[in-house]
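In what follows, a single structure is set out as structure tokens and then discussed.
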Amino acid sequence: MSRSVATGLAQPAVRLAVAPLVLVPFVPWLAGLPGPTALLDAGSLPVSLWWAAVAAAVVVSVQAFVSDLLDLRADRTLAAPGATGRMVRIGLLTTPWGYLGARAHATGEIGPVVLASVVALGGTVLLGAALMLA
């Protein structure tokens, strides 16, 4: 991995955008499930691994969200009164995609929101293709 790619992945906003990629290995398995209630089978190893991956994606997302907010405050990007509270509300009430959109509006950096869009679209296409082929 090149140094610039490694540096880019270390940015909290980028980690927030790519956190759902943890779930990609489960797509073929999800497509083969008999129904949504199969995700409640607590004794199954694949189900346990699925929920562990979901928890990992959530932990990475929350950590990246908090780190990004702290970075924006340290850079004085969110210097206006109430700006941090507004971003926290957006982060809690929307998806990471919504937060990254508000972040792009505040900072002018569109890279993370574009990356989140690509990840979301790619995940949708991948799951759709897996479901059609199952």
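The chain is numbered in sequence order, starting from 1.
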Inset, instruction - Say whether, by atom type as modelled, one donor and one acceptor occur between the side chain of Trp97 and the main chain of Ala17 under 3.5 angstrom. - result: no

Legend entry - Verdict with supporting geometry, Trp29 and Val47, side chain to side chain contact (heavy atoms under 4.5 Å, CB included): CA-CA 10 Å; Trp29 173 76; Val47 171; 3.8 Å; yes

Inset, instruction - For Asp68 and Tyr99, run side chain to side chain contact (heavy atoms under 4.5 Å, CB included): C-alpha distance rounded to whole Å, both residues' side-chain angles, the deciding distance at 0.1 Å, then the answer. - result: CA-CA 11 Å; Asp68 190 55; Tyr99 167 76; 2.6 Å; yes

Legend entry - Heavy atoms from other residues, nucleotides or ligands near CG of Leu126 exceed 12 (cutoff 6.0 Å): yes

Legend entry - Within one Ile-Leu-Val-Met-Phe-Trp-Tyr cluster: Val59 and Val54, side-chain cutoff 4.5 Å: no

Legend entry - Shared hydrophobic cluster, Val24 / Val118 (ILVMFWY, side-chain heavy atoms < 4.5 Å): no

Inset, instruction - Say whether Val14 and Met87 are linked into one hydrophobic cluster, either directly or through other cluster members, by side-chain heavy-atom distances under 4.5 angstrom. - result: no

Inset, instruction - Compare all side-chain heavy atoms of Leu30 with those of Leu131 and state whether any distance is below 4.5 angstrom. - result: no

Legend entry - Exercise: identify the closest heavy-atom pair between Ala19 and Val60: CB-CG1, 3.9 Å

Inset, instruction - Is it possible for you to say whether Leu45 and Trp51 belong to one hydrophobic cluster, with membership spreading through side-chain heavy-atom contacts below 4.5 Å? - result: yes

Inset, instruction - Give the intermediate values and the outcome of side chain to side chain contact (heavy atoms under 4.5 Å, CB included) for residues Arg15 and Ser61. - result: CA-CA 7 Å; Arg15 285 197 318 268; Ser61 294; over 6 Å; no

Inset, instruction - Hey, could you give me the CG/CG distance between Leu33 and Asp41, rounded to the nearest 0.5 Å? - result: 10.0 Å

Legend entry - Hydrophobic cluster identity match, Leu115 and Ile110, side-chain contacts under 4.5 Å: no

Inset, instruction - Scan Thr84, Asp71, Leu72 and name whichever one has a side chain to side chain contact (heavy atoms under 4.5 Å, CB included) with Thr77. - result: Leu72

Inset, instruction - Hey, can you tell me if Phe26 and Trp50 have their rings parallel, tilted or perpendicular (30° and 60° cut-offs)? - result: perpendicular

Inset, instruction - State, to 0.1 Å, how close Leu100 and Ala116 come at their nearest heavy-atom pair, and which atoms those are. - result: CD1-CB, 3.7 Å

Inset, instruction - Only one of Leu16, Leu21, Val22 passes side chain to side chain contact (heavy atoms under 4.5 Å, CB included) with Val18; say which it is. - result: Leu21

Inset, instruction - For residues Pro28 and Pro25, report the shortest heavy-atom separation together with the two atoms involved. - result: CD-O, 3.6 Å

Inset, instruction - Decide yes or no for Leu78 and Leu69: does some side-chain heavy atom of the first lie under 4.5 Å from some side-chain heavy atom of the second? - result: yes

